[in-house]
Amino acid sequence: MFICRIRRKVSKLSKMIANLDKFVVFSHVVYDKSDVVQNPCSVSLNARSFRSSRLLCESVQSSSSGLAIQISRTAKTGARDVLFEYLHSTRGFSFMDAEHISKNSPHFFEKLLSKFDPEEDVVKSLSKFLRYNPINEFEPFLESLGLSPAEITSLIPQRLMFLNDDIVMLENFRVLRDYGIPRIKMGKMYKESREIFEYDYGILASKLKAYENLGLSKAIVIKLVSCCPSLLVGGVDAEFAAVLEWFKELGMKKDEIGGFVSGKGIYDWGRMLDTLDFLDRVGYTDEQLHNLLKTNPALLFQGSGKKVYVLFGRLLKLGLKMNEVYSLFMQNPHILSVKCTKNFCKALDFLFDIVMQTEDIVHIVSTCMELMGSYSLKGPKTVCRELNVKRDELCQIIKEDPLKWFDVASKSKIQSSIRVASKDPSTFLEKTAFLSRLGYLENSDEMLKALKQFRGRGDQLQERFDCLVNAGLDSNVVKNLIKQAPMVLNQSKDLLEKKIDCLTNWLGYPLESVVAFPAYLCYDMERINQRFSMYAWLRERGAAKSMLSLSTILACSDARFVKYFVLVHPE
């Protein structure tokens, strides 16, 4: 009885082992007869697995047969060492080159391993194979430079097999490598500008040096030629050099151009140059262009200035004349920022979607361009649904009160700037334009705060600003001064001139004194006259130091002033 039970258990165990063999045995028959073979490591088994499939094997996909071949990690590491030894010892590659190629050509490596039976010793098989079968060295070499197998196919020389067969290409590769260009970037250079790898000895090195002679650092030259290989084709790119000169004229360091380019971009230096010339003809000052490029480099470097022409073209299609478009650009210099351009074009599409007449669109663009660029708007369908109106009714609402459009269609929370604008649209637009020229960002908290602090129309604020500049202060200094003491611009032009005259002609102080104490321009003339006359009297009698700071004279209380400026002299 007991023996019978044992026999039945042995029989069951034999069947289980036979079923398990179906999953874990890799026979050649499976490879010959199956079109698709599952990775055994990923097969879901009902029986418990006694070894981790992750540690047991690693899948290497054959590019030729599409079969999943199981190679252990140890074998794979050994096989890679064999490839390295072949390249270094047999083919004479330098240690660094052989190591980089063997470690950075995974597709070629997998294709190589697919030639061997995974149940055999792959390391020995590969070593024996390479002893009698030399490889096409261009495949792993080009892949190690960052190119995909699909790209490599069309780039491999037809009748060459060894890199040493193309000694010119190899020499130019070494020049780039020794200069410091990352190998992974060279694939893009080889693909886009193959001529770079065909120069005679010494020419490529001289081209790289020529860009340094333009005033660029070596690190920036490396980045530029990696991102834009065409710079190394022919002589020094004259259009690029002209763009670089623009940077210099705008007060920017030449190396700053390196921060605006990336390997994903395509750069047309000629179109960039045309864009800069166009903006110059429109009337942008050097300072405005400098700020525009600093805050919105994508305007020039994404699409090489294409967005400028797209926006300009859309305005011309509306029926605006060239001089009118120029005027709009001058009044709204920040409209060319990436965000503003996107918002403006969407707002324009909004008006076309509700079938607004062209002349009405032109009127709204002329009066509300700043707001169209400042706000991201909902779609016409959403706005109509929320207001429960038809498109023609919405069109009429916007024509009657364009500012209400931004109130109901803005995606962001309605801000007080629109409410301020609704009271006096012309004053609002003039002030926002002036503040934009000072460097305030559209629709920012700083802009809203400044709108409340500055009193007067935009032209009046500009007149007061110009008064300080004409007196002898640099415009950038005046901007910083105003941001420290916004109330300065709330003084009339005549009052500012009187205070400057009192400071420079009566006391003999330099105008730059107001930079350290801009609040001087905010004090009333009575206080200034009283305290300055007392201080001047004391100074004439040697009872006070010359050139005391303005804050010492004006900012102290009356009691302190009497103590230190009046009672110090018996008269």
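Owing to the predicted nature of the structure, the values given are computational and were not obtained by experimental measurement.
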Is there side-chain contact between Arg391 and Cys384, with at least one heavy-atom pair below 4.5 Å?
yes
Heavy-atom check, side chain of Leu208 versus side chain of Leu232, under 4.5 Å:
yes
Which pairs would a plain distance check flag for residues 461-470, meaning a side-chain donor or acceptor within less than 3.5 Å of a matching protein atom at least two apart in sequence or in another chain?
unit_1, atom_1, unit_2, atom_2, d
Gln462, OE1, Arg437, NE, 3.4
Gln462, OE1, Arg437, NH2, 3.3
Gln462, NE2, Asp466, OD1, 3.1
Arg464, NE, Gln491, O, 3.2
Arg464, NH1, Arg455, O, 3.0
Arg464, NH1, Leu489, O, 2.5
Asn470, ND2, Asp466, O, 3.1

How about Glu526: does its CD atom have over 12 heavy atoms from other parts shown lying under 6.0 Å from it?
no
What I'd like to find out is whether the side chain of Met356 reaches to under 4.5 Å of the side chain of Ile364, using heavy atoms alone.
yes
Any idea how Phe350 and Trp405 line up, ring-wise: parallel (<30°), tilted (30 to 60°), or perpendicular (>60°)?
tilted
Show the nearest heavy-atom pair for residues Pro149 and His107, with the distance to one decimal.
CG-CG, 3.5 Å
Would a distance-only check, ignoring hydrogens and angles, find a side-chain to backbone donor-acceptor pair under 3.5 Å from Arg527 to Leu554?
yes
Point-to-point distance, once rounded to the nearest 0.5 Å, from CD of Glu139 to CZ of Phe108
6.0 Å
Using only atom types and a distance under 3.5 Å, with no angle test, would you say the side chain of Lys346 pairs donor to acceptor with the backbone of Ser376?
no
Please tell me if the side chains of Glu287 and Asn476 come closer than 4.5 Å, counting only heavy atoms from C-beta onward.
yes
Exactly one of Ile397, Ile398, Leu387 clears side chain to side chain contact (heavy atoms under 4.5 Å, CB included) with Val408, and that residue is Leu387
Atom NZ of Lys218 with >12 non-hydrogen neighbours under 6.0 angstrom
yes
Is the side chain of Lys254 donor-acceptor paired with the backbone N or O of Gly215 at a distance under 3.5 Å, no angle test?
no
Please state whether the rings of Phe240 and Tyr211 are parallel, tilted or perpendicular, taking 30° and 60° as the class boundaries.
perpendicular
Quick check: does any side chain N or O of Asp255 sit under 3.5 Å from a backbone N or O of Ser217, one acting as donor and the other as acceptor?
yes
With rounding to the nearest 0.5 Å, note down the distance linking OG in Ser410 to NZ in Lys378.
7.5 Å
For the pair Ser366 (side chain) and Val362 (backbone), establish whether a donor and an acceptor sit closer than 3.5 Å, ignoring hydrogens and angles.
yes
Measure the NZ-CD1 distance between Lys399 and Ile361 for me, rounded to the nearest 0.5 Å.
10.5 Å
Would you find more than 12 non-hydrogen atoms of other residues, nucleotides or ligands less than 6.0 Å from Lys498 atom NZ?
no
So among Leu155, Ile184, Thr153, which one has a side chain to side chain contact (heavy atoms under 4.5 Å, CB included) with Leu147?
Leu155
Heavy-atom nearest pair, Arg314 first then Asp349, reads NH2-OD1, 2.8 Å
